[in-house]
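Notes follow once the structure below has been shown.
Count residues from 1 along the sequence. Values below: all heavy atoms of this structure, side chains included; hydrogens, waters and symmetry mates excluded.
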Amino acid sequence: LNNESDSEIVLQADINAWSQSQTGVDQLVLTEDMILSPPIIKLPPRARQVVRLALLKPADTQQQLTYRMIMREVPEATAVKANTMEVPIALALSMPVFITPPSAKHQLHCQAARHQAEIQVVCENKGTAYAQLREIQVKRQEQSLAKLEGGIYILPGAQKTLSLKAEQPITTGQAQLSIMFDNGKNQLFDIELF
């Protein structure tokens with residue numbers, strides 16, 4: 001962790017078991033499966049601190065374990081000056097934490113359909129590790145019909161429905177769905193737009 005500000009900050013973290021419903025809605029539950037050391041961090045201005053996470057339960061040998069560490073800034077209590085109001089702003093960062101056995105892999109299956117001026121893409125992860133979609137693009141003969149960029153996670157056993165805004169009028173017929181993952185690899189699906 002780096003404090004790039006000119007004042008000291010105090011941080012505190014919670015570890016949450018992270019899962020997704022079958023429809024891809026994130027679910028976070030506080031857990032004691034992992035601990036953070038140190039649990040409370042005081043960072044002087046322009047300082048850096050290494051933190052360590054320790055897993056307190058046996059790792060799964062088949063399926064990836066997924067967590068989210070929520071790192072919150074603890075606002076400093078300051079005296080209010082006469083005739084002023086101060087509102088402290090505390091930041092919170094949500095960082096994914098993965099415990100991945102060597103054999104765990106994502107296995108993504110996607111379909112697409114036209115829906116007015118959008119293309120609805122439904123992707124399901126039937127694998128044992130997360131899939132992070134960095135770019136989703138629907139093409140026809142190298143011409144882009146619709147595109148969505150982002151860091152969309154689909155955990156094992158979950159599916160997500162994504163809406164891609166059309167870049168031009170979409171006609172029925174065959175097309176290709178291209179998914180680019182966080183590791184830079186692509187997966188292509190032949191689709192039929194109705």
Which distance, rounded to the nearest 0.5 Å, do you find between the [atom1] of [X] and the [atom2] of [Y]?
X: Met34; Y: Leu65; atom1: CE; atom2: CG; result: 8.5 Å
X: Thr128; Y: Gln63; atom1: OG1; atom2: CD; result: 6.0 Å
X: Glu135; Y: Asn186; atom1: CD; atom2: CG; result: 8.0 Å
X: Ser94; Y: Leu28; atom1: OG; atom2: CG; result: 6.5 Å
X: Leu148; Y: Glu118; atom1: CG; atom2: CD; result: 10.0 Å
X: Cys110; Y: Ile179; atom1: SG; atom2: CD1; result: 4.0 Å

### Message
Using salt bridge (charged side-chain N to carboxylate O under 4.0 Å, His left out), reason through Glu167 and Lys147 one step at a time and then give a plain yes or no.
### Response
CA-CA 8 Å; Glu167 296 176 1; Lys147 188 176 185 179; 5.9 Å; no
### Neighbour count above 12 (heavy atom, 6.0 Å) for Arg48 CZ
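Not buried by this count: 12 neighbours or fewer within 6.0 Å.
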Smallest separation among heavy atoms of [X] and [Y], with atom names:
X: Ile119; Y: Ala146; result: CD1-CB, 3.9 Å
X: Arg72; Y: Ala92; result: CG-CB, 4.0 Å
X: Pro156; Y: Asn125; result: N-ND2, 3.7 Å
X: Gln20; Y: Lys160; result: NE2-CE, 3.6 Å
X: Tyr67; Y: Ala17; result: CD2-CA, 3.8 Å
X: Ser21; Y: Ala158; result: O-CB, 3.5 Å

### Query
Can Arg140 and Thr171 be said to form a side chain to side chain donor-acceptor pair (under 3.5 Å), step by step?
CA-CA 10 Å; Arg140 185 175 282 144; Thr171 57; 3.0 Å; yes
### Query
Does a donor on one side chain and an acceptor on the other come within less than 3.5 Å for Ser178 and Gln137?
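Side chains of Ser178 and Gln137: no pair found under 3.5 Å.
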### Query
Looking just at side-chain N and O atoms, do Gln168 and Gln143 make a donor-acceptor pair shorter than 3.5 Å?
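Judged by distance alone, the side chains do pair up.
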### Beyond-backbone contact of Leu133 with Leu162, side-chain heavy atoms, under 4.5 angstrom
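Yes, their side chains come closer than 4.5 Å.
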### Query
Got Met69 and Asp14 here, is their nearest side-chain heavy-atom distance under 4.5 Å?
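Not touching, per the 4.5 Å side-chain cut-off.
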### Query
When you measure from the side chain of Asn3 to the backbone N and O of Ser5, does any donor-acceptor pair fall under 3.5 Å?
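Yes, because the side chain of Asn3 sits within donor-acceptor range (under 3.5 Å) of the backbone of Ser5.
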#### Entry: Sequence neighbours excluded, every pair satisfying ring pair (Phe, Tyr, Trp, His ring centres under 6.0 Å) that has a member inside residues 122-148
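Non-adjacent pairs meeting ring pair (Phe, Tyr, Trp, His ring centres under 6.0 Å): Phe98-Tyr130, Tyr130-Tyr153.
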### Query
Quick one: are the ring centres of Phe181 and His106 less than 6.0 Å apart?
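Yes.
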### Query
Which residue, Ile99, Leu36, Ile35, forms the side chain to side chain contact (heavy atoms under 4.5 Å, CB included) with Leu53?
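It is Leu36, the one option of Ile99, Leu36, Ile35 that forms the side chain to side chain contact (heavy atoms under 4.5 Å, CB included) with Leu53.
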### Query
Can you list every pair that meets salt bridge (Lys or Arg N to Asp or Glu O under 4.0 Å) and has a residue in residues 52-70, with sequence neighbours left out?
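Non-adjacent pairs meeting salt bridge (Lys or Arg N to Asp or Glu O under 4.0 Å): Asp33-Lys57.
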